[in-house]
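These notes are about the structure you will find just below.
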Amino acid sequence: MNILHRLIEQAKHPRGFIGSTMLKIMNRAHTGMNKWAIDKLMINEGAIMLDIGTGGGKTIQTLSKLNKSGHIYGIDYSEQAVIDSIQANQADVTSGKVEIRQAGVSAIPFTENQFDVITAVQTHYFWPDIKNDCKEVYRVLKPDGQLMILAETYKMNYHMKAYKTKDEMK
C-alpha cells in the first residue's frame, strides 16, 4: 500500500499517533471553511446540535461558541477521533454542554426528531451506504431542523467516483 493510500485510510479512520496528527491537520485545514459555512446556518440559542464525523472536534468548538446555552453532541466511528475531540473540547465536555460518542452514521444512537442542527464536515463521502445513512440522519433531525453537509468538490470527486454527474451527486 503506498503512502497516499495510507494517509487516505488515516483520514477515513484515524488511528494512533498518525491518526491523531491527521486530525490536527484537518482541524487546521477546515477551520476557515467550517466557520464560513456555519455562519450561514440560523442557529437559535439553546439549539440541540449533532456533528457527524466529529474528527478532531473543531466543528464542535465553533458550534459551542455560537450557541452558549445549547447542547452539542458529536459522533465518530474512530476511537482516536473521539479521544482527540473530547480532548479538544474538554471544558465543554466537563461542564456537560458537549457529549462525544463513538458511533457511526449508519446507526445514530439518538431518538427521532432530536436535533435542531446537524453538521457533517468532510465526512459524507466516507459513509458506508449514503442513501440509507442519509435516511438515518433525517430520522434524528427535527422536521424544521437544518442539515449542513460540507465538503470540498475535489474531495467528493476523488472519493465518490460512483457519482459521475452533478445530478447524480445531488
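The first residue in the sequence is number 1, and the count goes up from there. What you are looking at is a predicted structure, and each value in this text was computed from that prediction instead of being measured. Just so you know, these numbers use all the heavy atoms, side chains as well, and skip hydrogens, waters and symmetry mates.
Contact check for Tyr138 versus Glu112: no side-chain heavy atoms found under the 4.5 Å cut-off. Taking the side chain as every heavy atom from C-beta outward, Val121 and Met148 approach each other to under 4.5 Å.
Once rounded to the nearest 0.5 Å, the distance linking CD1 of Ile83 with CG of Asp76 reads 11.0 Å. How far CD of Gln61 is from NZ of Lys65: 6.0 Å, rounded to the nearest 0.5 Å. The structure places CG of Leu50 at 11.5 Å from CG of Asp116, a figure rounded to the nearest 0.5 Å. Separation of atoms CD1 (Ile48) and CG (Asn67) is listed at 8.0 Å; rounding is to 0.5 Å. The CE atom of Met49 sits 12.5 Å away from the CD atom of Gln114 when rounded to the nearest 0.5 Å. Put simply, CG on Asn44 and CG on Leu66 are 12.0 Å apart, with the number rounded to the nearest 0.5 Å.
Nearest heavy atom pair, residue Pro128 against residue Ser106, reads CG-OG, 3.4 Å. The two residues Thr54 and Ser85 make their nearest non-hydrogen contact at OG1-OG, 3.4 Å. Considering every non-hydrogen atom in both Arg101 and Tyr73, the closest pair reads NH2-CE2, 4.4 Å. Heavy-atom minimum distance, Ile75 versus Pro109: CG2-CD, 4.5 Å. Nearest heavy-atom pair, Val93 versus Ile100, reported as atom, atom and distance to 0.1 Å: CG2-CD1, 4.3 Å.
For the side chain to side chain contact (heavy atoms under 4.5 Å, CB included) with Val140, the lone residue among Thr111, Asn113, Ile108 that qualifies is Ile108.
There is no side-chain donor-acceptor pair under 3.5 Å between Asn132 and Glu136. Remark: the Asp51 side chain and the Thr119 side chain contain an N/O donor-acceptor pair separated by less than 3.5 Å.
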Between Thr94 and Asp92, is a side-chain contact (heavy atoms from CB on, under 4.5 Å) present by the stated rule, with each step listed? CA-CA 5 Å; Thr94 301; Asp92 282 340; over 6 Å; no

Run Ile52 and Trp127 through side-chain contact (heavy atoms from CB on, under 4.5 Å) and show every step you take. CA-CA 10 Å; Ile52 297 171; Trp127 294 358; 4.0 Å; yes

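Formation of a donor-acceptor pair under 3.5 Å by the Glu99 side chain with backbone atoms of Gly74 is not found in this model. Judged by distance alone, with hydrogens and angles left aside, the side-chain atoms of Glu45 form a donor-acceptor pair with the main-chain N or O of Lys68 at under 3.5 Å. Between the side chain of Gln146 and the backbone N or O of Met42 there is at least one donor-acceptor pair closer than 3.5 Å. Listed for the Lys97 side chain is a donor-acceptor partner under 3.5 Å among the backbone atoms of Ser64.
Hydrophobic clustering places Ile86 together with Ile72 (ILVMFWY residues linked when any side-chain heavy atoms are closer than 4.5 Å, directly or through intermediates).
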